[in-house]
Every structure is written in structure tokens, then in C-alpha cells.
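Reading through the C-alpha cells given below for one structure.
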Amino acid sequence: MSSPLSAAARGTASVPPSSGIRHDGTALLRGATAAEYARVTRAVVDDVARRVAAAGQPFSGAARTELGERCDAVDLDAPGIGTEAALAEAGDLYAGNAVWFHHPAYAAHLNCPVAVPAVAADAMASAINTSLDTYDQSGAATLMERRLIDWTAGRIGFPVGRDERGEAAGADGVFTSGGTQSNLQAMFLARQRALEGLSGAERAVAQARLRILATGASHFSVAKAALLLGLSEDAVVAVDGDDDGRMDPDALGRALTDVARAGDTPMAVVATAGTTDRGCVDPILPVADLADATGAWLHVDAAYGCGLLVSPTRRGLLTGIERARSVTIDYHKAFFQPVSSSALIVREAADLARGSWHADYLNPERENGELNPDPNQVGKSLQTTRRFDALKLWVTLRALGADGLGRLVDATYDLAAAVHADLARDPELRLVARTDLSTVMFRYEPDGLAPEHADALVSQVRRVLFDSGRALVAKTVADGRPCLKLTLLNPDTTLDDVRAVLDLVRSAAQGLLAGEELAGLDVPPCRDVHPRLSRDAAREENA
């Protein structure tokens, strides 16, 4: 018999279980700690509710250096301080310096306030901690997600149906982490279709000739997907747009012809339903005609514009979306859902199956010699472990109804239209671009101010407002010039709220210009009253 190994050599704990070392018995959520979970969670909910109600501005205005020092000062290797103290510390550092998307002076990015039923459902999902990869980890959650995929597909106009095993017989899809992942998966599926039946050197040669056609206003994740998929550096072909950035069908036709003449393959055409900056929707129907004529996969990135699916007044902007092979949906942009809640929807289930993968320990194809009866989602997703993000949308739809959601969405579009009308009459703030959705792009550019000077003010105004914490606006570029941008995704924000933000923009710009004027004077304008403030006197005094 070989000599016994030491505990260290065996890779096991050197202290036997009988040593008396114990862990904190209240640390994990289980039957015995359910009451403690309820108490602690109620305290957090009460604290956050107080902060939401008391938020007087969208950001604290704390300096980045200060917040960095406070983060660095926390010793993450120190002994535990207890649940209540840890949560109080996090509340002070994080919640006390959070950016509040519900505040009417927040108008920067594609962030929406969240629906109350969705937040409550998210707490349910977090506590139960379901993983959506396999049915034996999820139960009803898998079926609920599939039902929501069917609902969304139906709203798009895709055929919906299930076979006798409950598998999709028409459209299919899967929830994702966001638009970037959905666009990546769509381009992956389009690549698989374009290279179907090829292998080895033949596949490599064909892949190098694949092309994706999209406008310069398409989301950056399209080009990033091409990089991640190993396509050539020139795989993304830029298609010209109109003056508002919408794809020009005639330009697409010319680009497709050029691709064919070069001996390349149009792998995919990407139409955008809600460009990130201008919030414009490409003319999907004529784009679909061209994609079909050339055999290209049509993908519609509706991450921003998916709210149109429930809009009672503007659904027509999406005419032709039912012709797409795949559609990106971001519920956390237009359906008032907490991050993350998104999906990729495909018109034909067979297309989603092009990326499926089977692992015996998760989703074996066969069981006891027959097809696996379990409706596992892992073969449809780029992720394996995946939280039940569909639950919050389910609860929101049941609580508010699709029409109720649509009215909230329309309120944001109506608000943007009213702001556009206001700016068209403003003598100092110049409207830069039109929108189909809820974006407002503008500059401070009164008569007599040189365009180059107005350019410089854009970043300065945004920074002044952010550092004060009083209002958050975004900065972007339109037609080669920088401009400020509002993204209005809060249906409770009023026109007067937005006017107040614009007044802050105007005041900040005027203050910056006044400061420049003062800095450019040889002596301060008050020199006759306070002669010691003259620059000569100051230099003599400091000599």
C-alpha cells in the first residue's frame, strides 16, 4: 500500500470538518434565512424609494477624482462588516452618486425610466436565480420566454406557430444581453447561411469575399461583428443615405451592383429602425426588395425603434420589417425595462438553428434513442448561463397591456416633436436634424457667433452641465460638426421640463462666452471702481 499523502498534496483542506470552522449561516438565501432576506430587501427598497423621490437633479455632481478615491479607499480584502453596513456603504457610494434616468433633466443617452412592475419582477428573478439554458434549470421560465418571443414575432409580422413538440414552426428567437449581442448573432447566422456546405480552404476563400452593406449611421456593433466573425477588413460596405441619414435605396442598389461586379458576395444588408444619433428609420420596404433580389440576408436593427411595434400612431414607419430575416429588439430602450432585456427574432426557425450547438451534459440531441423532448434554450443563444430577463417584460405587459405601453412610447415621440417645433423658433439654439423618434440634435449658435466658435462650445457646455449634476445632455457629430443631443425616453417629462434643460444649455453657453470675453480684456471692466484689480496692479502686488 502506498503511503498516505498529506492534505496539501492531495489538494484538500488541511483543516478537518470537525475543527469547528463555520461560515456565516445567514449569508445565503434559503428557507432558514427567508425572513432575513425579506427584512434586508425591504430596507434596500425603502432606501432606494426615498432616493428616487428626493432626487433633485439627475447626478450628484461629485468629481470623478473624489469618487475614484472613495472607491479605492474601500479595502475589499478586509474582514466582512456585515450585511447592513455593507449595504449602507454601497447606498452612500453608488446610489448617492448614481445617474437617475427618471429625472426630467436627464436627456443624454438611450436610457429610459423603468416600469414599476418590471422592477418588482426583476427582484423576483434575482432571488430565484433561474438560468435559462436548460429546461431542468428553468421550468416555466423557458416556456414564458418562448411565449414572449412569439408575441414579439407576431408584432413584427412574422409567421408564428409551434409543432407537436412545442418547437417553433415559424419565427423563433432568443433573449440577449442587448443590441450589440443581437446584431452579432444576426451577422453570425447570416455568415453561416452564406457559407453553408463549404469547408476548409474553399470556406476561407468564400468568407474573405463576404460583404455587409449598411449606412454610416448604422450601429457600430455591425462593424464590430464583422471583426469578431473574422471577415475581411473591408467587409462592411458603406451605403449613402439621405440628408437625415436614412438609407437611400438607389444608393443601396448601386452598392449591391458594385459588390457583384467585384466578385464579392452580399452576405447581409443591415437596415436601421432608429439610428442612434438622429432616431431615423430606414425605408425598409424598398430595402427588402433589393435584398431579396440579390439573395442578401436582411437584418433590421430596431434596438431603438422597437417601440414602434406597440405605437398606436406610428407603426407605419416599420412597414416592410416583416420582410426581414432577423430583427434586433431592445426592450430596455423602448419598453421601459431594466437593463438588460433584449432579443433577436428570426423569421424562420431554421435560420436560428444554423448556430445551434449540442453538448451532452446540457442539451443532447437524443435521449433514450429518441429526440430530446426538453425545450432547451441553450442551443439558440450565444450565452450558456442566462438570467430570466423575459420575466420583467411578461409582468409589464400583463400589468399595463401592450396598448398601455404604446401610449407611453408615443408620449416620448410627441414630446420630441414639440421640442423640435420650439427650437425651430429659437433665436439662439439651432435645430440640426430631423427625427422619426425621440431625438433632438441642436447647437448654441446665435447670429454673429462663428460656426467654429459654436463647435468649441458643444463639449464645454456638456461638461459644465454634467459637472454641476443639474442636467445631462449628450454630444455627437452631425454633418461633420459637433452638436448637443437630447434623447427623450421619459414619457413623464413635459415640454416645460425640456425647456428648463435648454435654458441651462443657453445659460452655460452664455456664461462660457462671457468668461472668454473677460479673459480677453487687458483690464477688468471694474477697474475704475477697484483699481487694484487691474492686471498691472496685480502684477506689482505679486512682484
Side-chain angles (χ1 to χ4, degrees), residues 58-59 98-115 118 175-184 215 217-222 224 244-245 270-282 300-311 314 317-318 327-344 389 392-393 396 405 408-417 419-420 432-442 462 465-466 471-478 483-493 497-498 501:
F59 180 55
V99 176
W100 298 107
F101 301 147
H102 75 282
H103 194 280
Y106 178 85
H109 301 289
L110 283 164
N111 308 115
C112 59
V114 289
F175 272 63
T176 69
S177 63
T180 294
Q181 182 182 334
S182 292
N183 287 342
L184 170 61
T215 68
S218 66
H219 196 261
F220 74 87
S221 59
V222 174
K224 188 174 183 180
D244 292 314
V270 177
T272 306
T275 52
T276 304
D277 274 339
R278 301 189 185 217
C280 288
V281 179
D282 288 341
V300 176
D301 178 2
Y304 180 9
C306 61
L308 293 168
L309 294 174
V310 292
S311 168
R314 294 171 173 85
L317 287 169
L318 293 180
V327 178
T328 286
I329 302 290
D330 266 12
Y331 307 107
H332 61 224
K333 285 187 175 68
F335 283 68
F336 312 104
Q337 298 299 291
V339 175
S340 61
S341 183
S342 306
L344 174 69
D389 285 320
K392 49 202 172 193
L393 178 61
T396 302
L405 268 179
L408 293 176
V409 170
D410 259 14
T412 65
Y413 301 156
D414 292 342
L415 175 61
V419 175
H420 275 241
V432 171
R434 294 186 292 270
T435 186
D436 293 324
L437 303 180
S438 58
T439 299
V440 181
M441 297 172 68
F442 67 101
R462 191 200 72 83
L465 295 182
F466 178 81
L472 270 67
V473 301
K475 179 183 84 70
T476 189
V477 175
C483 64
L484 295 167
K485 183 178 74 167
L486 309 180
T487 307
L488 304 174
L489 290 179
N490 187 344
D492 291 328
T493 298
D497 290 330
V498 180
V501 172

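For reference, positions follow the sequence shown, starting with 1. None of these values were measured; they are calculated from a predicted model.
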ask   = How far does CZ of F59 sit from CG of L472, to the nearest 0.5 angstrom?
value = 7.5 Å
message = Using 0.5 Å steps for rounding, measure from the CG atom of L489 to the NE2 atom of H332.
response = 11.0 Å
query = Should K224 and L184 be marked as a side-chain contact (heavy atoms from CB on, under 4.5 Å) after you check the CA-CA gap, both sets of side-chain angles, and the distance that decides it?
reply = CA-CA 8 Å; K224 188 174 183 180; L184 170 61; over 6 Å; no
task = Report the distance from atom CG of L437 to atom NZ of K333, rounding to the nearest 0.5 Å.
result = 12.5 Å
ask   = Just how far is it from atom OG1 of T396 to atom CD of Q337, taken to the nearest 0.5 Å?
value = 3.5 Å
message = Apply side chain to side chain donor-acceptor pair (under 3.5 Å) to residues S311 and D410 and explain how you reach the verdict.
response = CA-CA 6 Å; S311 168; D410 259 14; 2.6 Å; yes
task = Kindly indicate, with the supporting measurements, whether the criterion side-chain contact (heavy atoms from CB on, under 4.5 Å) is fulfilled by T487 and Y304.
result = CA-CA 11 Å; T487 307; Y304 180 9; 4.1 Å; yes
query = What's the shortest heavy-atom distance between S438 and T412, and which atoms?
reply = CB-O, 3.9 Å
ask   = Any idea how Y106 and H109 line up, ring-wise: parallel (<30°), tilted (30 to 60°), or perpendicular (>60°)?
value = tilted
Y331/D389 under side-chain contact (heavy atoms from CB on, under 4.5 Å): CA gap, chis, key distance, verdict = CA-CA 10 Å; Y331 307 107; D389 285 320; over 6 Å; no
task = Check G178 against S342 and note the closest heavy-atom contact, atom names and distance.
result = CA-OG, 3.2 Å
key: N183, T176, T180, D301 screened by side-chain hydrogen bond (donor to acceptor under 3.5 Å, both in side chains) with T328, the one that passes   = N183
message = Nearest 0.5 Å, please: how far is CZ in F101 from SG in C112?
response = 9.0 Å
ask   = Okay, side chain of K392, backbone of P338: is any donor-acceptor separation there less than 3.5 Å?
value = yes
note = Here the gap from D436 atom CG to D244 atom CG, rounded to the nearest 0.5 Å, amounts to 8.0 Å
task = Let me know which of V501, L415, L486, V419 forms a side chain to side chain contact (heavy atoms under 4.5 Å, CB included) with T493.
result = L415
